[in-house]
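See structure below.
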Amino acid sequence: MPSFFENFPNKDFVMMFGDIITRQDGTIMNGLLDNATEDGQISRLEVRYRTPVLTMLSEDSDNISKGELLEVQNKKYTVDRVLKDGTGMSEVVLVEYQKDPVSGDWV
């Protein structure tokens, strides 16, 4: 299923309608959070899961790295990967933050 923001990824749209993103060091950026639901399968079990993705300016995502903690809409996320599209925009794929990923202690 295509993302709602797929047709609107431009600098003006992100700056006007974007969410405030806070890095651990306090740096503030803008981005559009799309928390789409995806269909998947575990063995023969059909499941639906969330895939949070930030659409943001590449100049802001340049210094973001895998594993970094970001806060968006008062919720913490860990960066999974940064995907640049070559037009000055990037998608930052996130996972919901866990205090202890080994035991699955979701925050």
For residues R23 and N63, report the shortest heavy-atom separation together with the two atoms involved. NH2-O, 2.9 Å

Working to the nearest 0.5 Å, report the span between OG of S90 and CG of L57. 8.5 Å

In Å, rounded to the nearest 0.5 Å, how long is the span from CZ of F13 to OG1 of T55? 9.5 Å

Pairwise side-chain contact, L94 with V92, heavy-atom cut-off 4.5 Å (strictly under): yes

Non-hydrogen side-chain atoms of M16 and D12 separated by less than 4.5 Å: no

Measure the OG-CZ distance between S65 and R81 for me, rounded to the nearest 0.5 Å. 15.0 Å

T78 and E96, any side-chain heavy atoms less than 4.5 Å apart: no

Compare every heavy atom of N74 with every heavy atom of E71, then report the nearest pair and how far apart it is. OE2-CA, 3.7 Å

Going by ring pair (Phe, Tyr, Trp, His ring centres under 6.0 Å), name the pairs with one or both residues in residues 55-80, residues two or more places apart or in two chains. none

What closest approach, in Å, do T22 and I28 show between heavy atoms, and which atom pair accounts for it? OG1-CD1, 3.8 Å

Run through I21, L54, V82, T27 and flag the one making a side-chain contact (heavy atoms from CB on, under 4.5 Å) with I64. V82

Quick check: does any side chain N or O of S58 sit under 3.5 Å from a backbone N or O of M89, one acting as donor and the other as acceptor? yes

Are side-chain heavy atoms of V53 and T51 found at a separation under 4.5 Å? yes

Hphob cluster co-occupancy, M29 + I20, side-chain heavy atoms under 4.5 angstrom: no

Residues L83 and V93: closest non-hydrogen pair is CD1-CG2, 4.0 Å

Restricting to non-hydrogen atoms, name the atom on L32 and the atom on G18 that form the minimum distance, rounded to 0.1 Å. CD2-CA, 3.6 Å

Evaluation steps, side chain to side chain contact (heavy atoms under 4.5 Å, CB included), between M56 and N30: CA-CA 7 Å; M56 59 192 309; N30 282 42; over 6 Å; no

Side chain D19, main chain L33, donor-acceptor under 3.5 Å: yes

